[in-house]
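Everything below concerns the one structure shown next.
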Amino acid sequence: MKEKLEKIREEALGRIQAARSLEELNEVRVSFLGKKGALTELLKGMKSVAPKDRPKVGQMVNEVRALLEDALEEKKAVLEDARLEEQLKKEVLDVTLPAKKNRVGHRHPNTIALEEVERIFVGMGYEVVEGPEVEKDYYNFEALNIPKDHPARDEQDTFYINDEIVLRTQTSPVQVRTMEQGKLPIRMIAPGRVFRSDEVDATHSPSFHQIEGLVIDKHITFADLKGTLAEFAKELFGEETKVKFRPHHFPFTEPSAEMDVSCFKCGGKGCRFCKGSGWIEILGCGMVHPKVLKMCDIDPEEYSGFAFGVGLERIALLKYEIDDMRLLYENDIRFLKQF
Ligand code: DAH
């Protein structure tokens with residue numbers, strides 16, 4: 001028994017020394033100390049040892065086991081060091097390489113302009129509401145006093161889903177949806193995406209954004225419309241900004257107008273920016289048509305109101321002096337970062 005033990009010890013120590021990798025070392029451990037390892041097998045043979053000698057032999061086996069475990073541990077540390085050393089040699093760090101930059105996005109000029117418009121109107125007590133982009137023909141046209149054969153339908157090249165459903169061509173249907181809820185008075189703006197079957201060029205896109213505005217209360221007059229929109233223009237383009245209203249036609253307002261602002265680039269003298277006129281067209285507006293009020297169950301004898309619609313891209317392009325709308329949809333971060 002003793003010789004056998006001696007033999008195992010020598011052989012194991014030899015193989016531990018000779019091991020050249022952690023994997024190889026592990027194999028040595030298993031073959032001597034594992035469940036079916038040589039030392040374990042030897043312990044199973046204890047039955048044949050005389051009972052009085054058993055404690056002694058047991059002790060000897062344990063000593064050899066401890067010795068081998070220590071030797072394995074020591075060799076393992078050596079092999080691990082060597083492995084780390086080799087890895088470090090392979091992974092040379094070049095501190096002169098440029099660092100990896102964290103690419104952060106940027107707020108879109110549309111978003112910046114919209115937040116500015118919202119800030120102005122919320123400051124005047126308006127609520128911001130939303131309506132669906134896929135809209136009923138009824139809300140987009142009929143209820144806005146644009147019946148089936150109305151020529152205004154041709155101006156707004158519509159994407160039809162079917163006879164009754166369209167991609168909204170304007171944010172004006174949100175006016176109707178808000179009035180229908182029956183809560184008066186109303187002071188709201190409704191920003192959102194609109195769609196028209198237009199060819200893409202520097203000033204057109206099949207999908208763009210508008211901001212609708214609506215005020216309904218008792219005794220609302222055109223003077224309220226003018227005062228509100230003049231204040232809006234000043235806040236948006238600067239205190240010196242003047243406004244001018246030109247008569248226009250929209251089916252859902254009467255009277256209707258288009259509002260121009262004095263050119264914030266030249267102050268109204270005329271420049272390349274305002275094409276020499278000193279004025280820049282900015283929005284459509286008017287007093288809500290009595291027919292529209294009636295269709296929404298609001299009594300035009302008791303209530304009146306005004307509405308307006310602004311193109312968001314138009315504001316962003318003007319404010320940030322961008323001369324091609326397509327730049328707004330490319331989402332090139334180098335472009336967006338300028339605003
Ligand atoms: N919806 C009109 C358009 O897309 C813009 C507009 C004009 C909205 C007059 C209004 C308004 O609310 O009163 O051309």
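Whatever order the structure lists ligands and atoms in, that order sets their numbers, starting from 1.
Compare Arg196, Glu212, Met287 by their heavy atoms: the one nearest to atom 3 (C) of ligand 1 is in Arg196.
The ligand atoms of ligand 1 that sit less than 4.0 angstrom from a heavy atom of Gly309 are 6 (C), 8 (C), 10 (C), 12 (O). Ligand 1 places these atoms under 4.0 Å from at least one heavy atom of Phe250: 7 (C), 9 (C). Interface of Thr253 with ligand 1, defined as ligand atoms under 4.0 Å from a residue heavy atom, comprises 13 (O). In summary, the atoms of ligand 1 found under 4.0 Å from a heavy atom of Gly286, numbered by their order in the structure, are 13 (O). The Gln175 neighbourhood of ligand 1 comprises atoms 12 (O), with distances under 4.0 Å to a heavy atom of that residue. Those atoms of ligand 1 that come under 4.0 Å of a heavy atom in Ser172, given as number and element, are 1 (N), 8 (C). Taking every heavy atom of Gln210 and a limit of under 4.0 angstrom, the matching atoms of ligand 1 come to 3 (C), 4 (O).
Counting only N and O atoms by type, the side chains of Glu180 and Tyr139 include a donor and acceptor under 3.5 Å apart.
The aromatic rings of Phe121 and Phe308 sit parallel to each other, their planes meeting at less than 30°, with 60° as the upper class boundary. Under the 30°/60° scheme for interplanar angles, the aromatic rings of Phe335 and Phe339 are found to stand perpendicular.
The backbone N or O of Leu236 lies less than 3.5 Å from a partner atom in the side chain of Lys319, making a donor-acceptor pair. Listed for the Arg107 side chain is no donor-acceptor partner under 3.5 Å among the backbone atoms of Leu336. A donor-acceptor contact shorter than 3.5 Å links the side chain of Asp224 to the backbone of Thr221. Looking at Arg153, its side chain does come within 3.5 Å of a backbone N or O of Ile146 through a donor-acceptor pair.
For Phe252, every heavy-atom contact with ligand 1 shorter than 4.0 Å involves the side chain, none the backbone. Residue-level proximity to ligand 1 for Cys285 is carried by the backbone, the only part with a heavy atom below 4.0 angstrom.
Looking at ligand 1, you'll find an N or O of Phe308 within less than 3.5 Å of one of its N or O atoms.
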